[in-house]
Amino acid sequence: MFLFAGMGIAAGSLLAWRVRSWVVWSTRRWPMVGFSAVGGVVSLGVGCRFATDPALAAWWWLGITGTALSVIDVSCHRLPRAWVVTTAAGGFAVFAMLTVTDPANGVALVRSLLAAVVVFAVGVLAYLVIPNWMGFGDVTLYGALALYWGWIGWHAVFRGITASLLLLGITAALAWIRHRDSEARIAAGPSLILGGWIGVLS
């Protein structure tokens, strides 16, 4: 477990540098310490929960990149496409490798890709019909998360979508109570990612 904590601390420090284009304060002394601490905690948690899971690397990657996306979104209300694609690509690479080494995982890989495509397509449709409801970055993040949910099963897809929408609704309600403005901007990323983890863990 010390190995996972160390990996997370190192990854957190690296993230502080990698997100500086969007989070201008990330490389200051105490934010850097915060990134390292969060990275260590996330990595340790993933290591404890998925220690015997062959897809451990995928869940670790989701935890680290999800942390970066959450901080970026809170800081500047953006979910950079490069980060979202990187999140999805890392998970896909691990799942594909597991399928190559064990063809029995082929069903899970196909389901994972299908879930990502379906969730992304539905998200695009919702974005076109109700453009002010969710940003396109949120839609692409949904697709990336669905890739991970799909690896587990359709029940994870359903629970992940439900949990993330519920958390997003609560976040929007709290923002309205605070600002009394129905058009107040909120960072949807943290709610989607936290809901995504509920789908993975439940």
Side-chain angles (χ1 to χ4, degrees), residues 1-15 17-19 35-36 38-70 72 79-124 137-164 189 192-202:
M1 293 301 106
F2 289 108
L3 175 62
F4 285 107
M7 288 172 57
I9 291 172
S13 298
L14 179 60
L15 284 181
W17 284 98
R18 295 297 296 168
V19 303
F35 267 95
S36 297
V38 171
V41 170
V42 169
S43 185
L44 182 60
V46 170
C48 291
R49 174 62 177 79
F50 297 100
T52 59
D53 190 328
L56 168 62
W59 309 124
W60 184 85
W61 186 249
L62 176 60
I64 295 300
T65 56
T67 299
L69 281 166
S70 295
I72 292 172
L79 288 169
R81 189 170 296 116
W83 274 98
V84 177
V85 171
T86 298
T87 299
F92 175 73
V94 174
F95 298 149
M97 183 176 63
L98 291 175
T99 301
V100 170
T101 56
D102 183 2
N105 289 318
V107 173
L109 181 62
V110 171
R111 184 177 60 233
S112 177
L113 293 172
L114 183 60
V117 170
V118 170
V119 170
F120 178 72
V122 172
V124 170
D138 304 323
V139 173
T140 56
L141 178 57
Y142 252 130
L145 291 172
L147 183 80
Y148 289 86
W149 298 331
W151 180 258
I152 299 173
W154 289 110
H155 66 283
V157 177
F158 175 76
R159 290 173 181 172
I161 292 174
T162 302
S164 57
L192 300 185
I193 291 168
L194 180 56
W197 274 107
I198 291 174
V200 169
L201 297 172
S202 60

### Query
Any side-chain donor-acceptor pair under 3.5 Å between T87 and Y148?
no
### Summary
Scanning both residues in full, the closest heavy-atom pair of F120 with G143 reads CB-CA, 4.3 Å
### Message
Once rounded to the nearest 0.5 Å, what's the spacing between atom CG of L56 and atom CZ of R49?
### Response
11.0 Å
### Query
Side chains of S164 and Y142: closer than 4.5 Å at any heavy-atom pair?
yes
### Heavy-atom neighbours of R111 CZ exceed 12 at 6.0 Å
yes
### Task
Specify the closest pair of heavy atoms between L113 and L147, including all atoms of both residues, with the distance to one decimal.
CD2-CD1, 3.9 Å
### Task
Would you name the heavy atoms of V94 and A57 that are closest together and state the gap between them?
CG2-CB, 4.0 Å
### Message
Could you check whether any side-chain heavy atom of H155 comes within less than 4.5 Å of a side-chain heavy atom of W149, counting everything from C-beta outward?
### Response
no
### Query
Are W151 and L109 close enough that some pair of their side-chain heavy atoms sits under 4.5 Å apart?
yes
### Heavy-atom pair with the smallest gap, counting every atom of L141 and L79
CD2-CD1, 3.9 Å
### Query
What's the spacing between I198 CD1 and I193 CD1 if we round to 0.5 Å?
12.5 Å
### Query
Donor-acceptor pair, S43 side chain versus G40 backbone, under 3.5 Å?
no
### Task
Might you point out which heavy atoms bring T67 and G63 nearest each other, and give the distance in Å?
OG1-O, 2.8 Å
### Task
Would you indicate whether the side-chain heavy atoms of L62 and L145 approach each other to under 4.5 Å?
yes
### Derivation of the side-chain contact (heavy atoms from CB on, under 4.5 Å) call for V200 and F50
CA-CA 11 Å; V200 169; F50 297 100; 3.7 Å; yes
## Note on the structure
In this structure, CZ of R159 is separated from CD1 of I152 (nearest 0.5 Å) by 10.0 Å
### Message
Quick check: closest heavy atoms across W59 and W197, and the distance to 0.1 Å?
### Response
O-CH2, 3.5 Å
### Message
Could you walk me through whether L114 and W154 satisfy the side-chain contact (heavy atoms from CB on, under 4.5 Å) test, starting with their C-alpha distance in whole Å, then the side-chain angles of each, then the deciding distance to 0.1 Å, before giving a yes or no?
### Response
CA-CA 10 Å; L114 183 60; W154 289 110; 3.9 Å; yes
